[in-house]
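Everything below concerns the one structure shown next.
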Amino acid sequence: RAGAPFQYLAVQKTGTRQNVGLIQLNRPQALNALCEGLMEELRRALEAMENDPQVGAIVITGSQKAFAGRAGCLSPPQKIFFFFFWCPTPFPFAAGADIKEMQNKTFQECYGGGFLGGWDKVSTVRKPVIAAVNGYALGGGCELAMMCDIIYAGEKAQFGQPEILLGTIPGAGGTQRLTRAVGKSLAMEMVLTGDRISA
């Protein structure tokens, strides 16, 4: 892999022909909260895989280490089979945007500074992008999953837009994508109550 090493991701090619790009979110101490550094690394990894002629599809998943930190709360990770390889089911996928990073920003700073700019890179990749979720995909994590072309959800997957509980709304396309994914009524319920849904 050329370029700077990744701090928040584990990136590799896998499969019998090494033609599947696997991006594993790896920020377990923060339940894979989507900070600016992680999102910048994700953009770099996606661009590299998009430009790699050997890669035919890309899988984004969570970190198994985050599951290991939740001692005994849930059953052990299962395996999900994708085409010609397997990867451990993640726990969690992403618990959302990094609230600590956002809490002191004003609206003007967010809007004028391009906060969340480039977060939609996942939805513009010209190769199929698959989200493998078997844990929390909340807030920005749910939005990230919905940006993917396909979502494989395991038995423990939970999706939600809990931003209302913080007095805000989804900011990375969640209100639009969620409505298309689950319909207006369920999307309104999820966005206005902060309730989660399972797979």
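Residues satisfying the side-chain contact (heavy atoms from CB on, under 4.5 Å) test with Ala187, not counting sequence neighbours, are Leu178, Thr179, Val182. Checked against side-chain hydrogen bond (donor to acceptor under 3.5 Å, both in side chains), Glu41 has no partners two or more places apart in sequence or in another chain. Every residue meeting the side-chain hydrogen bond (donor to acceptor under 3.5 Å, both in side chains) condition with Thr193, not counting sequence neighbours, appears here in chain and number order: Asp195. By the side-chain contact (heavy atoms from CB on, under 4.5 Å) test, Leu192 pairs with Met188, sequence neighbours left out. Partners of Gln18 by side-chain hydrogen bond (donor to acceptor under 3.5 Å, both in side chains), not counting sequence neighbours: none found. Partners of Asp149 by side-chain hydrogen bond (donor to acceptor under 3.5 Å, both in side chains), not counting sequence neighbours: none found.
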field: Evaluation steps, side-chain contact (heavy atoms from CB on, under 4.5 Å), between Leu46 and Ile58
entry: CA-CA 8 Å; Leu46 288 167; Ile58 302 165; 4.1 Å; yes
- request: Just do the side-chain contact (heavy atoms from CB on, under 4.5 Å) check on Tyr136 and Arg196 with the steps written out, would you?
  value: CA-CA 9 Å; Tyr136 300 116; Arg196 302 175 191 164; 3.3 Å; yes
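With a 4.5 Å cut-off on side-chain heavy atoms, Met39 and Tyr8 do not count as touching. For the pair Arg177/Met147, a side-chain contact is recorded, criterion being any heavy-atom separation below 4.5 Å from C-beta on. Side-chain atoms of Phe159 and Leu138, non-hydrogen and from C-beta on, never get closer than 4.5 Å to each other.
Taking CD1 of Ile23 as the start and CZ of Arg44 as the end, the distance is 11.0 Å to the nearest 0.5 Å. We find the CD-CZ distance between Glu40 and Phe6 to be 9.5 Å, quoted to the nearest 0.5 Å. Atom-to-atom distance recorded for Cys142:SG and Glu163:CD is 8.5 Å, nearest 0.5 angstrom. For the atom pair CD1 (Ile60) and SG (Cys148), the distance works out to 4.0 Å, reported to the nearest 0.5 Å. Separating the OG1 atom in Thr61 from the CG atom in Asn26 is a distance of 11.0 Å, to the nearest 0.5 Å. In this structure, Leu144 CG and Leu38 CG are separated by 8.5 Å, a value rounded to the nearest 0.5 Å.
Of all non-hydrogen atoms in Gln24 and Gly62, the two that sit nearest each other are CG-O, 2.9 Å. Between Val59 and Ala132, the shortest heavy-atom distance links the atoms CG1-CB, 4.1 Å. Between Pro162 and Gly139, the shortest heavy-atom distance links the atoms CD-N, 3.4 Å. Scanning both residues, Met49 and Leu22, for their nearest heavy atoms gives CE-N, 3.8 Å. When all heavy atoms of Val133 and Ala157 are compared, the pair lying nearest together is O-CB, 3.6 Å. Summarising the geometry of Ala45 relative to Leu9, their closest heavy-atom pair is CB-CD1, 4.1 Å, with the distance given to 0.1 Å.
For residues 127-136, no residue pair satisfies the salt bridge (charged side-chain N to carboxylate O under 4.0 Å, His left out) rule, not counting sequence neighbours. Judged as a salt bridge (charged side-chain N to carboxylate O under 4.0 Å, His left out), the pairs with a partner in residues 45-62 (not counting sequence neighbours) are, in order, Lys13-Asp52, Glu50-Lys121, Glu50-Arg126.
A side-chain donor-acceptor contact under 3.5 Å links Asn134 to the backbone of Glu155. Remark: side-chain polar atoms of Gln161 are not paired, donor with acceptor, to backbone N or O of Met190 under 3.5 angstrom.
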